[in-house]
Amino acid sequence: MTPTDPRRPWGFDTAQIHAGARPDPSTGARATPIYATSSFQFESAEQAADLFALNDLEHHTYTRLSNPTTAVAEERIAFLEGGASAVAVSSGQAANTLALLNLLRSGDHLVSSSHIYGGSSNLFARRFSELGISTTFIDDIDDFASWRRAIQPNTRAVFAESVGNPLGSVLDIATVAGIAHAAGVPLVIDNTLATPYLLQPLRHGADIVTHSTTKFLSGHGTAIGGIIVDGATFDFGAEPDKWPGFTFPDLPHEAQGYWARFSPQKLAYALRLRTTVLRDYGPAPSPFNSFLLLQGLETLSLRVRQHVTNAQRVADFLHAHPQVAAVHYATHPHSRWARRAAELLPRGAGAIVSFEIRGGGAAGQLFAESLRLFSHLANIGDVRSLVIHPASTTHAQLSPDVQRRGGITPGLIRLSVGLEDPEDLIADLEFAFAAVQHLPLTQTA
Ligand SMILES: Cc1ncc(COP(=O)(O)O)c(C=O)c1O
């Protein structure tokens, strides 16, 4: 467990540096070393058997299941999110896949917001449906009657992004959590865009939180990764027949399921995730990437504060620009989500600013390739500013109808505002607007 100071609880800035870390017991190394080893030697045959039987949860066996470098990142992010424990995986995509496959099996049903990353929409609509898991998408995240109506007897999870990619929509987490809980299912929240510095979904009623650590948590754009944090708030024992993966033994010769055995330590969901779903599907993080993640985490709040300042400047500039039809940034006074953002995101709405350029798809694509300081690429959350045209890239695999339902219009442009001087960013945007100014207005944005 994280050695917090009993004299005084840590603030966020302290925890992002210290939570989960301790000097290396064998060398005294103060920074967390990279434990570049696939396996860990057993002290005895008895210890080996105990590790495989999950009687020993302290030591490591094999880096596909756990690793000391990765464990520090897990403990730190669980602490920052206010969770009970966390499991790191190899990508944000793996985080959402495994978080949900720990709850869903063939024949089950998922309710999901449509205001989500295109890769998550694809995962649910295509891959999950191939596995026999169906999904109902909610287009208007504020239409709570439609969330309620979407629940079916076989629904086993509700999923949404706290701040949606790319439109920056802000979910009423407490209300959607209430709907999920009334139906006896957990709420899983992808908190990638907000980060725990801006919003902690578990404190608003979510049960499980996921991240693409590729983005703001790392911040340097060098390592793909993901993590699942469990709040240990959902009671899988309340309706035992509904959750056979937790309430029945995984193997016929075992006496108990994960719920009976590990819920007293608040480890049932996370340990099942690690020792069945991660073990069997296998997307483990590399300890080197966990080390890179730790370097980023140490400065998370400082970076996010500057991201927010710069993003607000860019949103104001865009709002006043004649070639812009609409700006999507939740704390902007004209945003549909401004009131909720003021309540849930008092430190700001993050770095993602999306807007609709007049001139439709052609203008959007030309604008993205005309920027010089903003890198034209598929990522967010880097210290560098980034740009993409979602309709022709991240969301291109979705049908035009699904794109429209998720608010992905042809002229939509997504910016991930970095940490450069805001004046330089605004000058770059001005050059790109000039480049598309004379394009014929073939489509309206
Ligand atoms: C909100 C969100 N969730 C999940 C992912 C997937 O993460 P990764 O690219 O690390 O697999 C992304 C990637 O853009 C994302 O934006």
Side-chain angles (χ1 to χ4, degrees), residues 70 73 77 81 86-101 110 112-128 137 141 159-171 173 188-196 198-199 201 206 208-229 278 281-286 289-290 292-293 296-297 304 307 328 330 349-354 375-382 384 386-390 393-398 406-408 412 414-417:
T70 302
I77 294 171
E81 283 287 5
V87 178
V89 290
S90 61
S91 68
Q93 196 66 13
N96 285 331
T97 305
L98 267 57
L100 291 167
L101 289 184
L110 170 69
S112 170
S113 159
S114 298
H115 291 231
I116 56 174
Y117 165 59
S120 303
S121 305
N122 271 331
L123 171 68
F124 304 159
R126 291 159 176 265
R127 302 290 82 79
F128 276 11
F137 288 97
I141 59 166
F159 177 89
E161 293 180 7
S162 50
V163 175
N165 180 3
L167 293 180
S169 47
V170 182
L171 186 78
I173 298 173
V188 181
I189 292 288
D190 182 333
N191 198 33
T192 300
L193 265 67
T195 81
L198 298 177
L199 177 64
I208 294 146
V209 166
T210 62
H211 280 279
S212 165
T213 61
T214 316
K215 322 296 190 208
F216 301 95
L217 297 189
S218 292
H220 31 55
T222 59
I224 301 282
I227 198 156
I228 303 122
V229 181
L278 176 59
Y281 289 108
S286 135
N289 280 7
S290 300
L292 293 175
L293 168 59
L297 280 173
V304 173
H307 276 299
H328 304 285
I352 307 306
V353 181
S354 294
S375 303
H376 185 189
L377 53 77
N379 196 16
I380 55 171
D382 198 327
R384 282 156 283 267
L386 316 172
V387 61
I388 204 157
H389 176 246
T393 58
T394 50
H395 290 70
Q397 285 161 355
L398 309 181
I408 311 301
L412 190 76
R414 183 189 73 194
L415 303 177
S416 175
V417 180

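Start at 1 and go down the list; that is how both ligands and their atoms are numbered. Bear in mind that the values here come from a model prediction, so they are computed numbers and not experimental data.
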message: If you apply the rule side-chain contact (heavy atoms from CB on, under 4.5 Å), what do you find for H395 with L412, and how did you get there?
response: CA-CA 11 Å; H395 290 70; L412 190 76; over 6 Å; no
query: When you measure from the side chain of S169 to the backbone N and O of H115, does any donor-acceptor pair fall under 3.5 Å?
result: no
field: I77 side chain near P196 side chain, heavy-atom distance below 4.5 Å
entry: no
- request: Please say whether G92 places an N or O atom under 3.5 Å from an N or O atom belonging to ligand 1.
  value: yes
- prompt: In the protein, what heavy atom is nearest to atom 15 (C) of ligand 1, and what distance, to one decimal place, separates them?
  reply: Y117 CG, 3.6 Å
query: At what distance is the nearest protein heavy atom to atom 11 (O) of ligand 1, and which residue and atom is it?
result: Q93 N, 2.8 Å
- prompt: Is the backbone N or O of L386 less than 3.5 Å from a side-chain atom of S416, with the two atoms forming a donor-acceptor pair by type?
  reply: no
Under 4.0 Å to a heavy atom of E161 - the qualifying atoms of ligand 1, by number: 1 (C)
message: Return the NZ to OG1 distance between K215 and T192, rounded to the nearest 0.5 Å.
response: 7.5 Å
query: Where is the nearest protein heavy atom to atom 3 (N) of ligand 1: which residue, which atom, and how far?
result: D190 OD2, 2.7 Å
field: Minimum-distance protein heavy atom relative to atom 16 (O) of ligand 1
entry: N165 ND2, 2.9 Å
- request: List the closest protein heavy-atom neighbour of atom 10 (O) of ligand 1: residue, atom name, distance to the nearest 0.1 Å.
  value: T214 OG1, 2.6 Å
query: Which atoms from ligand 1 have a heavy atom of G225 less than 4.0 Å away?
result: 10 (O)
field: Rounded distance [0.5 Å steps], OG1 in T210 versus CD in E161
entry: 8.0 Å
Shortest protein heavy-atom distance from atom 14 (O) of ligand 1, along with the residue and atom involved: K215 NZ, 2.9 Å
message: Any heavy-atom pair between the side chains of D190 and I116 that's under 4.5 Å?
response: no
